[in-house]
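First comes the structure, then the notes that go with it.
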Amino acid sequence: MRILKDLSELVQENVISNETAERITAYYELKQSKPSGKFILIFGILGALLVGTGILLILAHNWDTLPKMGKTALAFFLLMASQFLCGYVVLKKSDHAVWRESAAAFLSLSLASCISLISQIYHISGDFKVFILTWSLLTLPLVYIMRSSVAGLLYIVGATLYLIDYAVRPEQTYKALIYLALLSLLLPYYLTHIKRNLDHFVFNIFHWLLPLSLLFMPVTLARDHGEWVFVIYLSLLSIFLRLGNSDYFRERPGIQNGYEILGKVGTIILLWTLSFDGFWSTLINKDFSLNSSVQIPEFLFATATTLIASFLLFIQIRSSSRDDVKPIQFVYLLFVPIFIIGYYHQASVLLVNVLTLLLGMLIIRQGLQTKKLGELNTGLIVIAGLVICRFFDSDLSFVFKGLLFVCIGLGFFIINYRMLKNKNKYESQ
């Protein structure tokens, strides 16, 4: 370590004393000798999961030879053992994250196994949605009692599976509201930890899993008027971008900011997808009436998400500088009138292509102003992707298409080279 190598020089120059140098050396030696708490937590959670899985496999091997009462006793024994473990952790090890997370994971899996085993033993009828909802609601108290992020992540998985199970049931659109209600029960834990500015690798998974879970919701709403799902998606992705641009995530590594990454990638992919005329050719054959649309669930969800995104964007504009608001955050607003026009005219295809091209140019401009290569290359990717999309539905010759790709590649190289050259020149001054 560099600081240890410089200690002798600092002592010779009388910057620090020998005693101070010895204390610094002892501190870093002790720090390096301690195992990382992160890896201890990972292996603790994996250990709990493997132990639970191993016990289930042992029981499964001898299951047919056991009497009914023996099966029942084993099912409840595993549950009670995990409950006693959680009780011990709450009373004796409440300050140890490894114990809390491992015990909570063990009890959560024990709950799932006990419910399924009892149902199998006594032939209790039921379907997957009832099982996953029951397990999720029983897991929720663990999040708060054990202060467990692992239990929270398992709860999100359960709520998502409950939502997906209804994706093929057109009469169950209202189940999306139940899904949102389930997620809202987890919000106090999530927001409390954000307010505490907790930097914990298990908790950081929330910033990816929660938006990924929400991305499944619009698909479940797609029924007779599924075209409104695109409005919902773009508004939802704009909400992600606003959350990802908050002060909490600005102080953290970009890899932790799942909201911003998913918001950017999702918006760009949707624009590329909508730049083809396939969607718009089907949309123009549908009737649009504001009075009748009020009764359509897809329209109501689209209106709600658009209003929420607009409210958050308005707050950001008022409380932040102009440079903090990114062009991609306005895409959903511009898409709404383009979408309405699509009911009446095929010009929407051209307008989406213009919107995508304009977005790429604005991102490049912002990248040049802020001297950020990531922003610059994002804008170039947006334009390059749009060109590739047009590659598949145009009648241009292969020579012209090849020259176009060469120009795009040269553009990437030249712009990045000039940016790096100017950046190095600026830093050397």
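Here, residue 1 is the first one in the sequence, and each next residue gets the next number. Scope of the values below: all heavy atoms of this structure, side chains included, with no hydrogens, waters or symmetry mates.
Residues Phe106 and Ser82 come closest through the heavy atom pair CD2-CB, 3.9 Å. Annotation for Ile156 and Ser213: closest pair CG2-CB, 3.8 Å, computed over non-hydrogen atoms. Shown here for Trp135 and Gly158, the closest heavy-atom pair between the two residues is CZ3-CA, 3.9 Å. Taking each heavy atom of Ala105 and Val150 in turn, the nearest pair found is CB-CG1, 3.8 Å. Nearest approach of Phe131 to Ala112, heavy atoms of both residues: CE1-O, 3.6 Å. Closest of all the heavy-atom pairs between Leu185 and Tyr144 is O-OH, 2.6 Å.
Without hydrogens or angle criteria, Asn257 side chain to Pro253 main chain gives no donor-acceptor distance under 3.5 Å. Side-chain atoms of Arg100 do not come within 3.5 Å of backbone N or O of Val89 as any donor-acceptor pair. Remark: the backbone N or O of Gly342 is paired with a side-chain donor or acceptor of Ser348 at under 3.5 angstrom. Judged purely by atom type and a 3.5 angstrom limit, Ser281 uses its side chain to pair as donor or acceptor with the backbone of Asp277. Judged by distance alone, with hydrogens and angles left aside, the side-chain atoms of Thr139 form no donor-acceptor pair with the main-chain N or O of Ser108 at under 3.5 Å. Checked by atom type and distance alone, the side chain of Ser238 never pairs as donor or acceptor with a backbone atom of Leu234 at under 3.5 Å. The backbone N or O of Trp99 sits nowhere less than 3.5 Å from a side-chain atom of Ser102 that would complete a donor-acceptor pair. Although no hydrogens or angles enter the test, the distance criterion places a donor-acceptor pair under 3.5 Å between the side chain of Thr220 and the main chain of Met217.
In Phe128, the CZ atom is crowded: over 12 heavy atoms of neighbouring residues, nucleotides or ligands sit closer than 6.0 Å. Residue-environment remark: OH (Tyr344) exceeds the threshold of 12 foreign heavy atoms within 6.0 Å. Residue-environment remark: CD1 (Ile255) stays at or below the threshold of 12 foreign heavy atoms within 6.0 Å. Open room surrounds CZ on Arg365; 12 or fewer heavy atoms of other groups in view lie less than 6.0 Å from it.
Between the side chains of Thr267 and Tyr332, no donor-acceptor pair of N or O atoms lies under 3.5 Å. Of the N and O atoms on the side chains of Ser235 and Thr306, at least one donor lies less than 3.5 Å from an acceptor on the other residue. Judged purely by distance below 3.5 Å, without hydrogens or angles, the side chains of Tyr189 and Ser149 pair a donor atom with an acceptor atom.
Between Trp208 and Tyr259, a ring centre-to-centre spacing not shorter than 6.0 Å is recorded. Here Phe279 and Phe230 bring their ring centres to under 6.0 angstrom of each other. Taking the ring centroids of Tyr190 and Phe206, they lie under the 6.0 Å cut-off.
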Apply side-chain contact (heavy atoms from CB on, under 4.5 Å) to Leu386 and Ser275, showing your working.
CA-CA 8 Å; Leu386 183 63; Ser275 68; 4.0 Å; yes

Walk me through whether Ile268 and Ile328 qualify under side-chain contact (heavy atoms from CB on, under 4.5 Å).
CA-CA 9 Å; Ile268 293 169; Ile328 197 171; 4.3 Å; yes

Would you sort out whether Phe249 and His207 count as a ring pair (Phe, Tyr, Trp, His ring centres under 6.0 Å), showing the intermediate values?
CA-CA 10 Å; Phe249 287 105; His207 308 321; 4.9 Å; yes

Apply side-chain contact (heavy atoms from CB on, under 4.5 Å) to the pair Phe276 and Cys389, showing each step before the final yes or no.
CA-CA 8 Å; Phe276 294 92; Cys389 290; 3.6 Å; yes

Which is it for Leu351 and Leu355 under the side-chain contact (heavy atoms from CB on, under 4.5 Å) test, yes or no, and what are the steps along the way?
CA-CA 6 Å; Leu351 292 175; Leu355 175 60; over 6 Å; no

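Counting heavy atoms from C-beta on, the side chains of Leu237 and Phe240 come closer than 4.5 Å. For the pair Asn245/Leu241, no side-chain contact is recorded, criterion being any heavy-atom separation below 4.5 Å from C-beta on. Counting only heavy atoms from C-beta outward, the side chains of Leu214 and Leu183 approach each other to under 4.5 Å. Side-chain contact between Gln366 and Leu362 is absent, with no heavy-atom pair separated by less than 4.5 Å. When side chains are defined from C-beta on, Met146 does not count as touching Glu101, because their heavy atoms never get closer than 4.5 Å. A heavy-atom distance below 4.5 Å is not found between the side chains of Tyr155 and Leu142. A 4.5 Å side-chain heavy-atom check between Leu333 and Leu313 finds at least one atom pair inside the cut-off. Using a 4.5 Å heavy-atom threshold, the side chains of Trp228 and Pro297 count as separate.
Salt bridge present: Glu375 and Lys264 bring a charged side-chain N and a carboxylate O closer than 4.0 Å. Using a 4.0 Å cut-off between a side-chain N of Lys or Arg and a carboxylate O of Asp or Glu, Glu260 and Arg242 do not qualify as a salt bridge.
Here the CD1-CG distance, from Ile115 to Leu138, works out to 5.0 Å after rounding to the nearest 0.5 Å. Atom CG of Leu180 sits about 10.0 Å away from atom CG of Leu187, to the nearest 0.5 Å. Within the model, atoms NZ of Lys129 and OG1 of Thr134 stand 11.0 Å from one another, a figure rounded to the nearest 0.5 Å. We find the CD1-CD1 distance between Ile381 and Ile388 to be 10.0 Å, quoted to the nearest 0.5 Å. The distance from the CG atom of Leu137 to the CD1 atom of Ile132 is 10.5 Å, given to the nearest 0.5 Å. Considering CG of Leu186 and CG of Leu210, their distance stands at 7.5 Å, rounded to 0.5 Å.
Ring-plane geometry between Phe339 and Tyr343 is classed as perpendicular, the angle between the planes exceeding 60 degrees on a 0 to 90 degree scale with a lower cut at 30.
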